[in-house]
Number of protein chains: 2
Amino acid sequence: MLTAMTDTPARLLNLLSLLQTPREWPGSELAERLEVSPRTIRRDIERLRDLGYPVQATMGAVGGYRLVAGTAMPPLLLDDEEAVAIAVGLRAAAGHAVGGIEEASVRALAKLVQVLPSRLRHRVSTLNEATVPLLRGDGPTVDPEDLTLLAAAISNRERLRFGYRAVDGAESKRLVEPHRLVPAGRRWYLVAYDNGRDDWRIFRVDRITEPFATGVRTPPRELPAEDAAAYVAAKFSRLTPSFRAVATVHAPAEEVLRRFPRADEVLPLDERSCRLQSREDSLEWLAMRLLMLGCEFEVHEPPELAGHLRALGARATRATAGGPG
Amino acid sequence: MLTAMTDTPARLLNLLSLLQTPREWPGSELAERLEVSPRTIRRDIERLRDLGYPVQATMGAVGGYRLVAGTAMPPLLLDDEEAVAIAVGLRAAAGHAVGGIEEASVRALAKLVQVLPSRLRHRVSTLNEATVPLLRGDGPTVDPEDLTLLAAAISNRERLRFGYRAVDGAESKRLVEPHRLVPAGRRWYLVAYDNGRDDWRIFRVDRITEPFATGVRTPPRELPAEDAAAYVAAKFSRLTPSFRAVATVHAPAEEVLRRFPRADEVLPLDERSCRLQSREDSLEWLAMRLLMLGCEFEVHEPPELAGHLRALGARATRATAGGPG
DNA sequence: AGAACGAGGACAGGATCCGGCCTACATCGC
DNA sequence: GCGATGTAGGCCGGATCCTGTCCTCGTTCT
């Protein structure tokens with residue numbers, strides 16, 4: 001990693017890095033690598049333990065040290081490839097809907113890209129371009145890059161400048177104090193105090209263009225609501241277009257539940273079929289997911305979903321018409 | 001984070017953690033938090049810089065310190081939620097095919113789970129269960145949990161015990177010295193020295209059951225090949241079922257390339273259409289991806305792909321037949 | 001112009017760190 | 001059971017480094 005190791009703190013950091021490898025290190029080997037006496041290694045290990053890092057030692061002839069799970073996260077020391085892998089994985093996780101950790105994903109990503117060396121940064125962006133295409137049923141997708149910028153601005157309490165495209169298409173320039181990011185389904189909302197309007201506003205992140213952190217720090221401002229998520233929910237619960245789909249699926253309920261973990265309801269009808277209720281903000285996306293189940297199903301509601309499926313079916317059939325068959 | 005801060009190395013670690021927050025810290029505030037004089041803080045900052053961590057300072061009245069991108073990855077200090085988010089994201093990235101960083105993903109994941117506190121561990125597994133279902137066109141999927149176990153055993157040089165289900169369905173018990181994990185398409189292979197057979201073997205990870213690290217460490221063994229990936233490629237190039245698909249897509253070549261970054265070839269035919277050649281190990285999966293393009297296309301080869309598409313189209317049409325329309 | 005902040009030199013006293021030596025204990029292979 | 005090899009940790013002397021308190025200087029914002 002780093003060059004010479006004449007410094008105690010540097011050595012401790014390095015030791016932590018070595019111990020993080022999922023292998024076991026004999027003290028003598030550590031001493032050699034860090035160029036200190038074995039006695040010093042023992043003292044360093046003791047120090048790490050005092051600091052709360054759970055260094056486990058296996059006694060005996062083939063013993064050694066290793067870092068095990070403790071009560072707190074130790075600092076992760078990653079090599080280049082691992083850092084890139086994490087950045088790419090996080091970007092994917094932050095963009096798509098995953099459980100309820102979207103916001104934490106974005107925070108972690110912001111933390112990582114802040115310190116990511118530039119030579120790795122362009123590797124990440126290259127890989128990201130190769131990663132996006134899989135899903136995204138339709139509609140505007142949020143750019144994880146923007147998300148991390150917003151997240152960084154929030155925790156840095158920096159004022160933010162961006163262009164905003166309203167629902168009617170009108171463009172406007174905004175200067176805001178960002179307060180919180182709120183994920184909702186496959187959408188993201190930014191809760192911020194709009195310095196131009198002198199009031200709190202909610203912005204859909206996919207409508208934000210060219211966000212730019214001004215670098216100007218502002219004192220924290222109190223949101224007139226208990227929770228940013230609640231604030232967004234109260235304002236937007238009726239505005240988000242959302243469809244309730246109902247379908248009968250000819251597969252065991254548990255199988256369907258495994259593939260639709262966020263379904264509103266999966267009612268078993270009999271051993272081999274069930275009724276599925278799901279809510280998605282994109283019908284195309286929903287149609288695709290039903291088709292991906294790989295089993296027979298019938299759509300009951302809404303009629304638009306049936307329309308989408310018919311279109312998909314027709315397209316698939318057309319695609320084979322000109323073939324050599 | 002940690003309690004008292006009377007120790008220099010501990011203070012430096014803590015300082016690094018504070019600086020990692022994407023906000024800016026005035027020296028005075030750091031001095032207060034770490035309970036040392038501002039002069040010492042300045043000295044600590046200087047040390048971090050000597051160690052290679054690029055601490056940036058903004059001069060002037062509202063100045064402060066922050067950690068920026070440098071040439072090496074600093075140790076990442078994550079809070080609980082961020083750690084969980086990374087674990088979940090990595091698991092997803094390791095399971096699906098992402099660029100060429102599958103192996104690094106697994107390594108990073110192994111590193112992380114090794115030190116992940118147990119209270120977070122079960123949160124991760126809960127979230128993982130809700131994450132899997134999206135894609136997986138067909139066929140057996142590799143369990144990322146197994147992958148991390150194998151990766152850990154490899155870097156720890158620990159002997160491994162597992163059950164293996166051969167192609168013909170025969171079950172066998174194996175005791176091996178794991179050497180390397182090789183991702184190939186959406187499959188994973190384990191290159192290992194089989195202690196029972198006294199020879200090198202290649203195992204498909206999705207056929208491995210109940211892997212178990214024995215804890216017995218073995219000296220490294222030399223693979224009779226230059227590279228594990230090459231070794232696998234040489235043995236398996238003809239065994240992996242792989243189809244070359246050819247289709248005409250009515251969309252600009254660049255658009256298609258964006259969604260099929262791993263396509264063998266995308267030849268523009270005219271402004272609005274192109275010829276796509278792609279190789280996938282699952283025709284169902286390929287059919288789905290073509291359909292997800294959201295534009296018209298015609299399949300030329302292979303006939304089986306056309307068959308799959310016809311089946312999909314028929315299923316989609318049937319799904320709408322019983323509806324209220 | 002003044003305030004707030006980072007950068008850094010000089011210095012003296014004291015804390016810390018290191019290596020070497022010792023003993024005690026656990027584990028594995030023979 | 002014995003020896004080899006590993007961790008665990010006490011003690012000590014000497015070298016090193018670290019800290020707080022001065023100080024000055026350059027930068028930036030108000």
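Given the structure is predicted, the values throughout are model-derived calculations rather than measurements. So that the names make sense, note that chain A is the first sequence line, chain B the second, and so on, each numbered from 1.
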For the pair made of [atom1] in [X] and [atom2] in [N], what is the distance, rounded to whole Å?
X	N	atom1	atom2	result
A:Glu46	C:dG19	CD	P	16 Å
B:Leu12	C:dT16	CG	C1'	14 Å
B:Arg159	C:dC28	CZ	P	14 Å
B:Gln56	C:dC5	CD	C1'	15 Å

#### Entry: Flag side-chain contact, heavy atom, 4.5 Å: A:Pro75 against A:Leu16
yes
Nearest listed nucleotide, side chain of [X], among [options]:
X	options	result
A:Arg43	C:dG19, D:dT7, C:dG6	C:dG19
A:Arg39	D:dT19, D:dC11, D:dT7	D:dC11
A:Pro26	C:dC11, C:dG20, D:dG6	D:dG6
B:Tyr65	C:dA7, C:dG19, D:dT7	C:dA7

[N] phosphate, OP1 or OP2: any side-chain N/O from [X] under 4.0 angstrom?
X	N	result
A:Arg11	C:dC18	yes
B:Thr40	D:dG20	yes
B:Thr8	D:dT19	yes
B:Arg47	D:dC18	yes

### Query
Is the centre of the A:Phe203 ring less than 6.0 Å from the centre of the A:Tyr189 ring?
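No, they do not, as the ring centres are separated by 6.0 Å or more.
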### Query
Does the ring centre of B:Tyr65 sit less than 6.0 Å away from the ring centre of B:Trp25?
no
### Query
Would you say the side chains of A:Arg42 and A:Thr40 form a donor-acceptor pair under 3.5 Å?
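Not at all, the side chains of A:Arg42 and A:Thr40 share no donor-acceptor pair under 3.5 Å.
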### Task
Between A:Pro9 and A:Ala57, just flag the one whose closest nucleotide in DNA chain D comes earlier from the 5' side.
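By nearest-heavy-atom nucleotide position, the 5'-most residue is A:Ala57.
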#### Entry: Side-chain donor/acceptor of A:Arg42 to base of D:dG10, under 3.5 Å
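Such a pair does not exist between side chain and base.
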### Message
Quick one, A:Arg197 with A:Asp199, criterion salt bridge (Lys or Arg N to Asp or Glu O under 4.0 Å). Give me CA distance, side-chain angles, the key distance, then yes/no.
### Response
CA-CA 5 Å; A:Arg197 272 67 170 177; A:Asp199 198 6; over 6 Å; no
